[in-house]
Amino acid sequence: RIALARVLVTVPKVLLLDEPFSNLDGINRNLIRQVLNDISQDLALTCIMVSHEPAEILPWADHVLIMRDGKLLEQGTSEQLYRYPVSSYTAGLLGDFNTLPDRITEIIGLPKIRKTDLRSWIIRPEKILITQMNEGQVNAIVTSNRFAGAFNMVELKTGENILKAVTTRLDVFEGAQVGLYIKKEDCCFVQS
């Protein structure tokens, strides 16, 4: 906070922030985040932040640039890049995702991928809804259910594949046979 106050005395037009939340506990991270929000709005200040943590940039950034090996890969709003990444690299930087096997893409009605294509269908764990087993949908067995605070992180075995999902349901336990509701609109076609 002192370093930030020193810089602000000079009335800059742009703040360059390199991992500003690293090594901070949750309380101080939230405090610094609020201070940066307030000063960027009150002073009409542009902030450029470098970070490897999606939780630090997704709710905060108006525009995100994804770089790899010094080259710009993708750019857009936080929501655009999170929901519709062009590459699996970007998808992985911004959070967990599942690569959907052909068997599942067929069940939910997604276009088939040619074997020579270097792309795949992905879906974020929070977009997989755990339901009762039903004919004509993806069925799975719960192999793991871990408490993660506001939700549980669940691993599901479907055929030879493991998918990750999140749930707040209390009746999802290891060994349970469940159905998975996956909307094709929630899937994204990315470069591998």
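Heavy atoms only: backbone and side chains are in, while hydrogens, waters and symmetry mates are out.
Within the structure, every pair that satisfies the side-chain hydrogen bond (donor to acceptor under 3.5 Å, both in side chains) test and touches residues 146-157, not counting sequence neighbours, is listed here: S144-R146, N145-N152. Within the structure, ring-ring contact (aromatic ring centres under 6.0 Å, His included) contacts touching residues 89-136 (residues at least two apart or in different chains) are W121-F189. Every pair passing salt bridge (charged side-chain N to carboxylate O under 4.0 Å, His left out) that includes a residue from residues 169-185 is listed here, sequence neighbours excluded: R169-D171.
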Can you give each donor-acceptor pair under 3.5 Å made by side-chain atoms of residues 51-61, sequence neighbours left out, with the distance rounded to 0.1 Å?
residue	atom	partner	partner atom	Å
S51	OG	E53	N	3.0
S51	OG	E56	OE1	2.7
H52	ND1	E19	OE2	2.5
W60	NE1	N37	OD1	2.7

Would you tabulate the side-chain donor-acceptor contacts of residues 66-76 under 3.5 Å, counting partners in other chains and residues two or more places apart, or write 'none'?
residue	atom	partner	partner atom	Å
E74	OE1	V86	N	2.8
E74	OE2	V86	N	3.2
E74	OE2	S87	N	3.0
E74	OE2	S87	OG	3.1
E74	OE2	T90	OG1	2.6
Q75	OE1	H63	NE2	3.0

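Between I141 and Q177 the shortest heavy-atom distance is CG1-CG, 4.1 Å. L24 and P20 get closest at one heavy-atom pair: CD1-O, 3.7 Å. Across all their heavy atoms, P85 and A91 have their closest contact at CG-CB, 3.7 Å. Taking all atoms of both residues into account, the shortest heavy-atom contact from L45 to I39 is CB-O, 4.0 Å.
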Decide yes or no on side chain to side chain contact (heavy atoms under 4.5 Å, CB included) for R103 and I107, but give the supporting numbers first. CA-CA 6 Å; R103 186 177 64 76; I107 291 171; 4.0 Å; yes
Begin with the C-alpha distance, continue with both residues' side-chain angles, and end with the deciding distance and a verdict on side chain to side chain contact (heavy atoms under 4.5 Å, CB included) for L100 and C187. CA-CA 9 Å; L100 295 174; C187 299; 3.6 Å; yes
Chi angles and distances behind the side chain to side chain contact (heavy atoms under 4.5 Å, CB included) call for T77, D62: CA-CA 6 Å; T77 67; D62 295 323; over 6 Å; no
Intermediate values then yes/no, side chain to side chain contact (heavy atoms under 4.5 Å, CB included), N139 and L180: CA-CA 6 Å; N139 291 310; L180 305 179; over 6 Å; no
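Side chains of N28 and R33 form no contact here, defined as non-hydrogen atoms less than 4.5 Å apart. Looking only at side-chain heavy atoms (C-beta outward), I104 and T158 come within less than 4.5 Å of each other. Contact check for N98 versus P125: side-chain heavy atoms found under the 4.5 Å cut-off. For the pair V178/L156, a side-chain contact is recorded, criterion being any heavy-atom separation below 4.5 Å from C-beta on. Side-chain atoms of L36 and L15, non-hydrogen and from C-beta on, do get closer than 4.5 Å to each other.
V190 and V64 fall into different hydrophobic clusters, defined by Ile, Leu, Val, Met, Phe, Trp and Tyr side-chain heavy atoms under 4.5 Å apart, directly or through other members. Note on I32: it clusters hydrophobically with L17, by side-chain heavy-atom contacts below 4.5 Å among ILVMFWY residues. Hydrophobic clustering, with ILVMFWY side chains joined whenever heavy atoms are under 4.5 angstrom apart, keeps I182 apart from F151.
Scanning for side chain to side chain contact (heavy atoms under 4.5 Å, CB included) contacts around D38 gives Q34, D42, with sequence neighbours left out. Under the side chain to side chain contact (heavy atoms under 4.5 Å, CB included) criterion, D18 pairs with V50, not counting sequence neighbours. Annotation: salt bridge (Lys or Arg N to Asp or Glu O under 4.0 Å) contacts of D102 (sequence neighbours excluded): K115. For T131, the side chain to side chain contact (heavy atoms under 4.5 Å, CB included) test picks out L129, Q137, Y181, with sequence neighbours left out. Shown here are the side-chain hydrogen bond (donor to acceptor under 3.5 Å, both in side chains) partners of S120, two or more places apart in sequence or in another chain: there are none. Applying the side-chain hydrogen bond (donor to acceptor under 3.5 Å, both in side chains) criterion to E79, with sequence neighbours excluded, gives R83.
Note: L93 CG to Y82 OH = 13.0 Å, rounded to the nearest 0.5 Å. A distance of 8.5 Å separates CD in E126 from CG in D96, rounded to the nearest 0.5 Å. Going from atom SG of C188 over to atom NZ of K127 covers 12.0 Å, rounded to the nearest 0.5 Å. In this structure, CD1 in I108 is found 7.0 Å from OG1 in T105, a value given to the nearest 0.5 Å.
Judged purely by atom type and a 3.5 angstrom limit, N30 uses its side chain to pair as donor or acceptor with the backbone of G26.
Grouped by direct or indirect side-chain proximity (heavy atoms under 4.5 Å, Ile/Leu/Val/Met/Phe/Trp/Tyr only), L170 sits alone.
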